[in-house]
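What follows is a single structure, written as structure tokens, with notes after it.
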There are 2 protein chains.
Amino acid sequence: MPAPLLTRDEILARLLEVFRSRGYEGASMSLISKETGLGKASLYHHFPGGKDEMVAEVLKHVDGILEQFVIAPLTDAGAPEAKLNTMIKNIDQFYCGGEKGCVLDSLSIKAGSDASGIKLKEQMRAWIKAMESVAKESGCDAREAKERAEEAMASIQGALVVARAIDNKSVFQRALKRLPEQLLK
Amino acid sequence: MPAPLLTRDEILARLLEVFRSRGYEGASMSLISKETGLGKASLYHHFPGGKDEMVAEVLKHVDGILEQFVIAPLTDAGAPEAKLNTMIKNIDQFYCGGEKGCVLDSLSIKAGSDASGIKLKEQMRAWIKAMESVAKESGCDAREAKERAEEAMASIQGALVVARAIDNKSVFQRALKRLPEQLLK
DNA sequence: GTCTATATAATGATAGAC
DNA sequence: GTCTATCATTATATAGAC
């Protein structure tokens, strides 16, 4: 009985990287096997439901990342500017300065209205809602806070798309720099 | 010798829809066959190089759409505001008000540094450059025009991602409405 | 918990008739 | 230019040894 080579969290972290860089269809079992270092049979041992279960578990894992990097920092006590700056620092790190894409985008192609699609929708809405509450704290009324938060989300996602498409991370860096004035009143 | 069922342009238009909604890996030959109404053998008759050649030809087809909907309207004579409004009206139509995604995004996962990747990069840069020139006409200096154009591109791409992710087209509509003040001085 | 080996299905691609 | 039938390859998934 060989000892486990990777913790479950390490496996999920590697799966997250594969799915966000290749998408659902592009992440074949052989590629996943290569990137995680686990044989196919081992992968099915951990995820009997195959790729669909892997995606579901990765998205649960993303729940934790979202909570730690986005929700908690924005929900803590403190000045809106300071809280937002913490989130910005965190996502700059998570997206490697604009080098890596967003798994909520990469997986949205596969996800029509199945379980993973619903989960993706919930997660992006939770992120927007957290930014919305900070916008309210800064003095925006309900409608303006919601719109500013959606626009902030679009700025982040769009900057990631463009940064990768034209191979220029500065687009993402400037988007992060503009976030405070975009979201806060 | 059966008559052609579709013109080449109609085939390319349908291929564009499949690739932008499913991405490269998600667009299987059987799905492509179903969506175009052509048998696999017919598809290989038109595109002997298979899916890679289809993508290459679709991107050439996108050249024409970009020229017609974006480049030409922005390059014509006229006031910057009027020209930009024409582009906005055109892309609102092309993306069906925010319902459909951008093929430059959908295909960017497959495209590392191969031919299609280079083409995608060129096309997004051409779009940005056209917006950049209009920003200059409105009074921006070179550096500000470039940054505003990149940010406008990110707004469009981000709004499409978020609109689809949270199933809310108004995000895209508001992004279009904000484009003039975002791009022009 | 991991492996090798294998079964089964789907995919990209081709041959040849019409 | 389109079709049916088929091939070769790759994909997902499983069985059973250790």
Side-chain angles (χ1 to χ4, degrees), chain A residues 1-59 61 106-107 109-112 114-117, chain B residues 1-59 61 106-107 109-112 114-117:
Chain A
M1 189 188 294
L5 298 182
L6 295 172
T7 66
R8 187 173 177 88
D9 252 35
E10 280 166 342
I11 295 173
L12 289 170
R14 295 189 186 192
L15 287 176
L16 170 61
E17 291 306 313
V18 182
F19 282 121
R20 80 158 149 177
S21 65
R22 303 297 193 110
Y24 182 82
E25 304 289 349
S28 67
M29 285 302 296
S30 31
L31 179 67
I32 291 171
S33 173
K34 185 180 150 203
E35 296 294 317
T36 59
L38 293 175
K40 292 182 195 177
S42 292
L43 289 165
Y44 279 100
H45 170 77
H46 290 286
F47 309 98
K51 276 172 69 175
D52 284 342
E53 186 175 346
M54 291 182 204
V55 167
E57 293 300 308
V58 162
L59 292 181
H61 185 245
S106 299
L107 287 179
I109 279 188
K110 131 92 180 171
D114 60 353
S116 67
Chain B
M1 188 189 295
L5 297 181
L6 295 172
T7 66
R8 187 173 178 88
D9 253 35
E10 281 166 342
I11 295 174
L12 289 170
R14 296 188 185 194
L15 287 177
L16 170 61
E17 291 306 313
V18 182
F19 282 122
R20 81 158 148 176
S21 64
R22 303 298 194 108
Y24 182 83
E25 304 288 349
S28 68
M29 286 303 296
S30 31
L31 179 67
I32 291 171
S33 173
K34 184 181 150 203
E35 296 294 316
T36 59
L38 294 175
K40 290 184 196 179
S42 293
L43 289 165
Y44 279 98
H45 170 78
H46 290 287
F47 309 98
K51 275 171 72 174
D52 284 343
E53 185 174 346
M54 289 182 206
V55 167
E57 293 301 309
V58 162
L59 292 182
H61 185 244
S106 299
L107 287 179
I109 278 188
K110 131 91 179 172
D114 60 353
S116 67

Between [X] and [N], does any side-chain N or O lie under 4.0 Å from OP1 or OP2?
X	N	result
Y44(A)	dA13(D)	yes
S30(B)	dT11(C)	yes
H45(A)	dC3(C)	no

Round to the nearest Å and state the distance from [X] atom [atom1] to [N] atom [atom2].
X	N	atom1	atom2	result
L31(A)	dA13(D)	CG	P	15 Å
E25(B)	dT12(D)	CD	C1'	15 Å
M29(B)	dT2(D)	CE	C1'	14 Å

Looking only at dT2(C), dT11(C), dT12(D), the nucleotide nearest the S28(B) side chain is dT11(C)

Between dG12(C), dT2(C), dT2(D), which one does the side chain of K51(B) approach most closely?
-> dG12(C)

Contact class for S42(B) (heavy atom, under 4.0 Å): base, sugar-phosphate, or nothing?
-> base

Touch class at under 4.0 angstrom, heavy-atom based, for K40(B) against every strand present = base

Taking the side chain as every heavy atom from C-beta outward, state whether M29(A) and M54(A) have any atom pair closer than 4.5 Å.
-> yes

Heavy-atom check, side chain of H46(A) versus side chain of E57(A), under 4.5 Å = no

Distance in Å, F47(B) CZ paired with L12(B) CG, rounded so as to fall on 0.5 Å steps = 5.0 Å

Nearest-nucleotide check on DNA chain D, H46(B) vs A41(A); residue mapping nearer the 5' end is H46(B)

Do any N or O atoms from the side chain of K51(B) and from the backbone of Y24(B) form a donor-acceptor pair under 3.5 angstrom?
-> yes

